[in-house]
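See below for the structure under consideration.
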Amino acid sequence: MSVAGLGASRAGTLRRPSAGGPGTAGGSARPTKPRTGWKSLVALLVVAGITVWSAIAVGVDFGALIENANNASNTLIQLVQPDYSFFPQTVPALVETVQMAIIGTAVSVIIALPISFWASRATNPNSVALGIVRFVMNVVRSVPDLLYASLFVTVIGTGALSGVFALVLFNLGIMVKLISEALDGLDRGGQEASLATGATWFKANRQAMLPEVAPTYISQTIYVLELNIRASTVIGLVGAGGLGMLIDKVRTFYQYHYLSLIIFEILVIIVLLELLSSFARKRLIK
Amino acid sequence: MTAVSPSTTTRTPSPTRHPGPSERPVKPSRLSSKLIWLLVTLVVVAAFWSVDISWDALLTLPQKLVHYLGLMFLPPAWSKLPDALGATMLSVAMAWFGTLIGIVISFPLSLLATRGLMPAVVRWPLRGLFAVLRAVPEVVIAVLMLSVTGLTAFTGALAIAIGSIGTLGKWGYESFEAVERGAIEATTAAGASRTQVMRWGVWTNAKPDVLAFWLYRFEISVRASAILGLIGAGGIGKMLVDNIQFRVWDVVGMLMIVVVVVTMIIDQLSGMVRHRIIEGRWELPVVTALRRRSARRAREESIELKAASHD
């Protein structure tokens, strides 16, 4: 509709100087604007409606916030003055955080490799098995890491083991999704050739698909390690070991100058790891 | 020099026509990559060896897991579903309101951080701020907020808002910078002021991407708000953690199903609106995936047919 209108009016403007007769558009020969005003109005109303509803549900109260913030000025002063003498006491938790992240990554990427081959259309000819494993992995992926952690803490008990389990499950979903999608996108010529020579699907995948997907696999492993460092600093909040447990402890005793030191440490680890991983990935691509 | 070397290499094997087995190319010695593998293995082994975990717990784990899964899902406590849906609504409201505040704050900031629109003095501090906010996990921001202002759903929403400023700011200035220079040049040439360039040159072009990013951030916020509940900010997460602590396992099972289903539904809805914004048509992400799959299959078949007809 709008395109046709545009074409007609443009023709009009072109013809006007030469013919100048009746039927051509007057001074306002510019194309008519497509009317989408009411649509954006409806969209705006919907957004505004949801916002009002959410504001009521959440209980917006800026007054109470300001009041609390005034009372909490002492807390804020403590927060901006980290107590560096606390550092030696945070070292064990810091090390545990890194250990959990490394173990979680190692275990999950090893488990994820066969499952990804199972979950990719390119490497698994059985569509029923494919559907099942994909559905399970979708469910596994949609549960948040902290929820896994709190479940494992109640089942196994507090400590790093629950943390490792939570990380492994959390990673598994992500890793399988990324690797199986990479497998889907691969060129399947090598696999077809292996199958034609009489190889089984397992052998064909092992010989033709695994070497092809290996670089992606390594780079996603680095990515998962990065995610794990982030996650393992916080899953301790529900008792799964690492720095999070320490955060919970100092928070209950209102030691905010310790809390800010811990947060500072988390920032440093995350930034260091990001630098390392971007360096490693650059090397890998080269 | 370079022109000579290929001819010499081709001439040398000429006396013996067929290269013997000794003449295959020398395998490159991948010393550095071997060293890296060794290092990685050592680090992993060291982590396993030094961590304070009693691995005996693994032996009893399978039967424990089966036991607890049975308690949780055989059957889940559907009678508590209305409560769960109410709590979910609160979580979604937290996510929506938090994301909205994040958008309102991050939008002008990301314009200020765009190259070509603002001098570097303004740009770099803002980019640094975004980077720091992205590095801090949301839960940690929430812990800080909660210790300053107390525990409510509203502070949870504010934590989400602060957390989303980092990502939204970055995505914002990246998509503003990706706008084609042509539109900006045209507006500048027409005599637009700096604000007018932003309004008519930059915003009109970046709009679909930015809107899609906002929705995507809302999806992330929905997940984050469930997590914030786990540390006490209300909503479905709080209900979950309360029931886990009191070991009401059948309610926990039901709540987990609700979390998974609601997350999936919201992803689909938001994906549908994103598809409308970018492609101009309404479509569920599931449908998009299916269509793409069948298109790929059709393409493969046509390639096979072509190959067959060539023979």
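Every chain is numbered from 1 and lettered A, B, ... according to where its sequence line falls, protein lines coming before strand lines. All heavy atoms count here, side chains included; hydrogens, waters and symmetry mates do not.
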What pairs meet the side-chain hydrogen bond (donor to acceptor under 3.5 Å, both in side chains) rule with one or both residues in residues 93-105 of chain B, with sequence neighbours excluded? T51(A)-W96(B), T99(B)-S221(B)

Structural part of [X] lying under 4.5 Å from a heavy atom of chain B:
X: A106(A); answer: side chain
X: T105(A); answer: neither
X: I50(A); answer: both
X: L146(A); answer: both
X: I218(A); answer: side chain

Where do [X] and [Y] come nearest, in terms of heavy atoms and distance?
X: F154(B); Y: G59(A); value: CB-O, 3.8 Å
X: I227(B); Y: P144(A); value: CG1-CB, 3.5 Å
X: A47(B); Y: I103(A); value: O-CD1, 3.6 Å
X: R134(B); Y: R230(A); value: O-NH1, 3.1 Å
X: Q99(A); Y: S50(B); value: NE2-OG, 2.6 Å
X: A135(B); Y: I270(A); value: O-CD1, 3.1 Å

Between [X] and chain A, which part of the residue has a heavy atom less than 4.5 Å away: side chain, backbone, both or neither?
X: V260(B); answer: both
X: F48(B); answer: both
X: V252(B); answer: side chain
X: T152(B); answer: neither
X: M89(B); answer: both
X: L65(B); answer: side chain

Counting heavy-atom pairs closer than 4.5 Å to chain B, which one of [options] comes out on top?
options: V271(A), L147(A), I156(A), V143(A); value: L147(A)
options: V107(A), L267(A), I247(A), V238(A); value: L267(A)
options: V60(A), V47(A), V234(A); value: V60(A)
options: I263(A), I56(A), D248(A); value: I263(A)
options: V98(A), L237(A), I262(A); value: L237(A)

Distance from F152(A) atom CZ to I244(B) atom CD1, nearest 0.5 Å? 11.5 Å

d(S54(A) OG, L90(B) CG) to nearest 0.5 Å is 10.5 Å

If you count heavy-atom pairs under 4.5 Å between each of [options] and chain A, which one has the most?
options: T263(B), V51(B), T60(B), L240(B); result: V51(B)
options: V273(B), L61(B), V241(B), V40(B); result: L61(B)
options: V261(B), V143(B), T155(B), V259(B); result: V143(B)

Crowded around E192(A) CD? As in, over 12 foreign heavy atoms under 6.0 Å? no

Looking at W200(B), I want to see if its CH2 is surrounded by more than 12 non-hydrogen atoms of other residues, nucleotides or ligands under 6.0 Å. no

Does any part of the side chain of [Y], heavy atoms only, come nearer than 4.5 Å to the side chain of [X], both counted from C-beta?
X: W249(B); Y: L151(A); value: yes
X: P137(B); Y: I266(A); value: yes
X: Q245(B); Y: T154(A); value: no
X: H67(B); Y: V155(A); value: no

Which residues share a ring pair (Phe, Tyr, Trp, His ring centres under 6.0 Å) with F264(A), sequence neighbours left out: none

